[in-house]
Colleague: 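The structure follows.
Numbers here simply count residues along the sequence, with the first being 1.
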Amino acid sequence: MYGTGSWGTAYASVLADAGTNVTMWGRRQEVVDQINAGTNEDYLPELRLPSTIRATSDPFEAAAGADIVVLAVPSQTLRANLEAWGSVLPSSAAIVSLMKGVELGTTRRMSEVISEVGGVEPERVVIVSGPNLAREIAVKQPAASVVASSSAAMAELVAAACAAPYFRPYTGSDVVGTEICGAVKNVIALAVGMAEGLGMGDNSKASIITRGLAETMRLGMALGGEAPTFAGLAGVGDLIATCMSPLSRNHSFGVRLGQGLAVSEVIAVTKQTAEGVKSCTSILELARHTGVDVPIIEQVDAMIQHDRSAQEVVSALLSRPRKAETA
């Protein structure tokens with residue numbers, strides 16, 4: 001396991017509770033020491049880690065003998081991390097991505113970066129994505145997720161390794177659709193949070209979620225995704241959780257933007273940046289390259305990158321030409 005953030009730590013606990021021995025790699029020695037003491041105070045202080053989880057700051061040690069390697073670093077740092085230690089990845093292991101983003105500058109999905117920089121065959125890449133808020137997983141509330149790979153054997157290997165009493169994995173083959181759902185939902189959650197910060201109610205938020213799902217599906221299918229994915233756990237399931245929960249970093253970030261704070265001010269308050277803030281520009285660029293209309297993503301990017309106000313964003317969306325709902 002590479003990465004010691006909230007979701008990486010929660011997923012490590014899932015693997016351990018499913019009977020898997022886990023070695024985590026962390027960049028900061030103080031976090032490594034905390035994990036070896038049975039906690040991760042910086043990210044999930046409420047979680048007591050199983051004794052079958054250990055941590056190291058040595059990337060070679062973390063991968064030694066592993067048949068499953070999990071990547072849980074921030075998506076925009078994946079390339080640099082793989083360039084630093086990607087050579088340690090075992091040549092036959094399943095490489096699992098927990099990351100939900102599109103790379104800035106290249107518009108590559110995380111699986112594409114893994115294959116390109118890590119030298120990993122596409123059939124060894126596995127995507128885990130679904131409505132999996134880390135703090136709920138940490139207290140073992142029931143949840144389900146999609147385990148997607150072009151190789152049914154690799155998907156089943158990873159699903160079996162994380163099938164804990166409170167965590168139910170479903171296997172799938174739609175890597176593209178699963179990744180697009182995971183990336184775009186963060187941007188839509190920012191928009192829903194903005195609406196809440198402006199004092200708008202459930203009608204407004206439900207409208208954004210629904211039209212956000214339409215944008216996600218248009219983009220995902222244009223890139224080769226499969227329609228059922230968008231109606232499943234990785235699609236509408238993850239979208240609802242991320243857009244509506246106060247535990248969602250992207251939702252909470254959007255609320256503060258809607259209340260009038262600038263991006264820099266929200267970062268100063270929260271001490272962290274939401275994934276959608278970093279990925280909205282690359283997702284918009286990917287959509288434009290693909291010829292797909294994504295007005296919500298476009299307006300979120302305008303607010304993040306060009307200081308457009310939340311009220312201006314709402315006005316721009318409501319004043320667009322009318323069209324059939326299926327468009």
Colleague: Can you name the closest pair of heavy atoms from A72 and M1 and give their distance?
Modeller: CB-SD, 4.1 Å
Colleague: Is the backbone N or O of A55 less than 3.5 Å from a side-chain atom of T23, with the two atoms forming a donor-acceptor pair by type?
Modeller: no
Colleague: F167 vs Y11 aromatic rings, parallel, tilted or perpendicular, using cut-offs 30° and 60°?
Modeller: perpendicular
Colleague: Tell me whether the guanidinium CZ or amine NZ of R168 lies under 6.0 angstrom from the six-membered ring centre of Y170 and within 45° of its axis.
Modeller: yes
Colleague: Heavy-atom count around R135 CZ within 6.0 Å, excluding the residue itself: above 12?
Modeller: yes
Colleague: Hey, could you give me the CH2/CZ distance between W85 and R27, rounded to the nearest 0.5 Å?
Modeller: 12.0 Å
Colleague: Using atom types as modelled and distance alone, determine if a side-chain donor or acceptor of D174 lies under 3.5 Å from a backbone N or O of G225.
Modeller: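 Pair absent, no side-chain N/O of D174 close to backbone of G225.
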Colleague: Please tell me whether M194 and I209 are part of a single hydrophobic cluster in this structure, the criterion being side-chain heavy atoms less than 4.5 Å apart.
Modeller: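 Shared cluster, yes.
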Colleague: Test your reading of the model: is there a side-chain donor-acceptor pair from N132 to the backbone of I137, 3.5 Å cut-off?
Modeller: no
Colleague: Do R109 and I127 come close enough that some side-chain heavy atom pair is under 4.5 Å?
Modeller: no
Colleague: Can you name the one residue among D238, T242, N186 that meets side-chain hydrogen bond (donor to acceptor under 3.5 Å, both in side chains) with K100?
Modeller: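 Filter result, single survivor: D238.
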Colleague: Please confirm whether the backbone N or O of S151 pairs with a side-chain atom of E123, one donor and one acceptor, at under 3.5 Å?
Modeller: no
Colleague: Could you go step by step and tell me if M99 and I114 meet the side-chain contact (heavy atoms from CB on, under 4.5 Å) rule?
Modeller: CA-CA 11 Å; M99 300 161 292; I114 291 168; 4.2 Å; yes
Colleague: Nearest heavy-atom pair of S13 and P50: which atoms, and what distance?
Modeller: OG-CD, 3.8 Å
Colleague: Between R308 and E298, does any side-chain N to carboxylate O distance fall below 4.0 Å?
Modeller: no
Colleague: Output the distance between atom CG (L223) and atom OG1 (T290), rounded to the nearest 0.5 Å.
Modeller: 4.5 Å
Colleague: Heavy atoms only: give me the nearest L317-P295 pair and the separation to one decimal.
Modeller: CD2-O, 3.6 Å
Colleague: Given side chains that start at C-beta, do those of T52 and V22 come closer than 4.5 Å, heavy atoms only?
Modeller: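 When only atoms from C-beta onward are counted, V22 and T52 do not touch, as no gap falls below 4.5 Å.
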Colleague: Are L286 and I297 connected in the hydrophobic side-chain network, where two residues link if heavy atoms are under 4.5 Å apart?
Modeller: yes
Colleague: Could you tell me whether the side chain of Q76 reaches within less than 4.5 Å of the side chain of E103, counting heavy atoms only?
Modeller: yes
Colleague: Would you indicate whether the side-chain heavy atoms of N81 and Y2 approach each other to under 4.5 Å?
Modeller: no
Colleague: So, for L219 and V292, which heavy atoms are closest and what is the spacing to 0.1 Å?
Modeller: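 Residues L219 and V292, closest heavy atoms: N-CG1, 3.8 Å.
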Colleague: Distance check, rounded to the nearest 0.5 Å: Q305 atom CD versus T281 atom OG1?
Modeller: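 The distance works out to 3.5 Å.
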Colleague: Is there a donor-acceptor contact under 3.5 Å linking the side chains of E285 and T107?
Modeller: no
Colleague: Is there a chain of hydrophobic side chains (I, L, V, M, F, W, Y, each step under 4.5 Å between heavy atoms) that links F60 to W25?
Modeller: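 Yes, same cluster.
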Colleague: Do K140 and D17 have side chains that approach each other closer than 4.5 Å (heavy atoms only, starting at C-beta)?
Modeller: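 Answer yes - side chains close enough.
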Colleague: When you look at R108 and V117, which way does the side-chain contact (heavy atoms from CB on, under 4.5 Å) test go after all the steps?
Modeller: CA-CA 12 Å; R108 280 171 168 65; V117 185; over 6 Å; no
Colleague: Should M200 and L190 be regarded as members of a common hydrophobic cluster, given that ILVMFWY residues are connected when their side-chain heavy atoms come within less than 4.5 Å of each other, either directly or indirectly?
Modeller: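 M200 does not cluster with L190.
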Colleague: Could you please spell out the steps behind the side-chain contact (heavy atoms from CB on, under 4.5 Å) verdict for S75 and S279?
Modeller: CA-CA 9 Å; S75 63; S279 290; 4.2 Å; yes
Colleague: Kindly work out whether a path of hydrophobic side-chain contacts (I/L/V/M/F/W/Y, heavy atoms less than 4.5 Å apart) joins V126 to L157.
Modeller: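 V126 clusters together with L157.
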Colleague: Keeping S173 on the side-chain end and S150 on the backbone end, is there a donor-acceptor pair under 3.5 Å?
Modeller: no
Colleague: Under 4.0 Å between a Lys/Arg side-chain N and an Asp/Glu carboxylate O for E265 and R256?
Modeller: no
Colleague: Which heavy atom of A164 sits nearest a heavy atom of A18, and at what distance?
Modeller: N-CB, 3.9 Å
Colleague: T20 side chain to A16 main-chain N or O, any donor-acceptor pair under 3.5 Å?
Modeller: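 Not a single qualifying donor-acceptor pair exists.
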Colleague: State, to 0.1 Å, how close P169 and V147 come at their nearest heavy-atom pair, and which atoms those are.
Modeller: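 Here P169 and V147 meet closest at CB-CG2, 3.7 Å.
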Colleague: Is E179 close to E112 at the side-chain level, that is, under 4.5 Å between some pair of heavy atoms?
Modeller: no
Colleague: Looking at I304, V102, V184, I296, which hits side chain to side chain contact (heavy atoms under 4.5 Å, CB included) with C280?
Modeller: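 The side chain to side chain contact (heavy atoms under 4.5 Å, CB included) with C280 is passed solely by I304 among I304, V102, V184, I296.
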Colleague: Within the structure provided, determine whether L284 and V294 are in side-chain contact (heavy-atom separation under 4.5 Å).
Modeller: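 Side chain of L284 against side chain of V294, heavy atoms only: contact under 4.5 Å found.
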Colleague: side-chain contact (heavy atoms from CB on, under 4.5 Å), that's the test. Do H251 and M244 meet it? Break it down for me.
Modeller: CA-CA 7 Å; H251 170 87; M244 297 301 290; 5.8 Å; no
Colleague: Please tell me if the side chains of T270 and S252 come closer than 4.5 Å, counting only heavy atoms from C-beta onward.
Modeller: no
Colleague: For T56, does its backbone N or O pair with a side-chain atom of E61 as donor and acceptor, under 3.5 Å?
Modeller: no
Colleague: Please step through side chain to side chain donor-acceptor pair (under 3.5 Å) for the pair T171 and E156, ending with a clear verdict.
Modeller: CA-CA 7 Å; T171 57; E156 183 53 40; 4.8 Å; no
